[in-house]
Visitor: 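Questions regarding the structure given below will be posed in turn.
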Amino acid sequence: MTQLDLVGYIAAFLTTSAFIPQAWLTWRRKRAEGVSLGMYCIMVTGTVGWLTYGLMLGAWPIIVANVISLSLSAFILVMKLVYK
């Protein structure tokens, strides 16, 4: 692993882990009234774009971060649609 990859993985960990508190809170409370539907629709779409970009480059820090981010943001979006 290069130093460049290490910086990418650290940044990816920090930005991706930011979704965990929202996902946990939404799941635990079974409520999503404070979650913006528009924001998460845009976020999921953008994350798919970043994942595609990472796959095209073969850049593993981008791929790993966006697979996890997509999973968490899609989970929150689904919870928003289910619990309104």
Side-chain angles (χ1 to χ4, degrees):
M1 178 181 332
T2 67
Q3 188 174 14
L4 186 62
D5 285 339
L6 182 60
V7 169
Y9 280 114
I10 291 169
F13 173 78
L14 293 171
T15 57
T16 299
S17 64
F19 288 102
I20 294 171
Q22 184 68 63
W24 176 254
L25 186 67
T26 304
W27 179 76
R28 191 179 60 159
R29 291 186 177 176
K30 306 292 189 246
R31 292 192 335 247
E33 67 272 357
V35 174
S36 169
L37 179 61
M39 182 271 187
Y40 275 93
C41 286
I42 294 167
M43 187 67 200
V44 166
T45 303
T47 305
V48 168
W50 275 110
L51 177 57
T52 302
Y53 177 69
L55 288 168
M56 292 170 73
L57 288 177
W60 283 102
I62 296 172
I63 294 167
V64 170
N66 284 289
V67 163
I68 297 168
S69 289
L70 181 59
S71 299
L72 290 168
S73 60
F75 175 77
I76 294 167
L77 178 60
V78 168
M79 298 292 278
K80 174 65 177 175
L81 295 171
V82 169
Y83 295 121
K84 303 192 188 269

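Bear in mind that the values here come from a model prediction, so they are computed numbers and not experimental data.
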Visitor: Measure the CZ-OH distance between Phe75 and Tyr40 for me, rounded to the nearest 0.5 Å.
Guide: 11.0 Å

Visitor: Between Ser17 (side chain only) and Leu14 (backbone N and O only), is there a donor and an acceptor less than 3.5 Å apart?
Guide: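 Judged by distance alone, yes, a pair lies under 3.5 Å.
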
Visitor: Got a second to check how far Ser36's OG is from Met43's CE, nearest 0.5 Å?
Guide: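 Reported to 0.5 Å precision, the distance equals 12.5 Å.
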
Visitor: State, to 0.1 Å, how close Thr16 and Ala65 come at their nearest heavy-atom pair, and which atoms those are.
Guide: OG1-O, 3.3 Å

Visitor: Find out if a path of hydrophobic residues (ILVMFWY) with successive side-chain heavy-atom gaps under 4.5 Å connects Ile20 to Leu25.
Guide: no

Visitor: Is it true that atom CD of Glu33 has more than 12 heavy atoms of other residues, nucleotides or ligands lying nearer than 6.0 Å?
Guide: yes

Visitor: Of all heavy-atom pairs between Cys41 and Leu77, which one has the smallest distance, and what is that distance?
Guide: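 Heavy-atom minimum between the residues: SG-CD1, 4.0 Å.
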
Visitor: Rest of the hydrophobic cluster containing Val7 (Ile/Leu/Val/Met/Phe/Trp/Tyr, side-chain heavy atoms under 4.5 Å)?
Guide: none

Visitor: Is any side-chain heavy atom of Val35 less than 4.5 Å from a side-chain heavy atom of Gln22?
Guide: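 Answer yes - side chains close enough.
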
Visitor: If you look at every heavy atom in Ser73 and Val44, which pair is closest and at what distance?
Guide: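 Reported closest heavy-atom pair: OG-CG2, 3.7 Å.
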
Visitor: Which other residues end up in the same hydrophobic cluster as Tyr53, if Ile, Leu, Val, Met, Phe, Trp and Tyr are linked when side-chain heavy atoms come under 4.5 Å apart?
Guide: Trp50, Leu57, Ile62

Visitor: Does Val48 share a hydrophobic cluster with Leu51, counting links as ILVMFWY side-chain heavy atoms below 4.5 Å and allowing steps through other members?
Guide: yes

Visitor: In Å, rounded to the nearest 0.5 Å, how long is the span from CD1 of Ile68 to CD1 of Ile63?
Guide: 12.0 Å

Visitor: In terms of hydrophobic clustering (I, L, V, M, F, W, Y; side-chain heavy atoms under 4.5 Å; direct or indirect links), are Ile42 and Leu37 co-clustered?
Guide: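 No, separate clusters.
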
Visitor: State the OG1-OH distance between Thr26 and Tyr83, to the nearest 0.5 angstrom.
Guide: 10.0 Å

Visitor: Of the options Thr47, Leu72, Leu70, which is the one that meets Phe19 in a side chain to side chain contact (heavy atoms under 4.5 Å, CB included)?
Guide: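 Answer after filtering Thr47, Leu72, Leu70: Leu72.
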
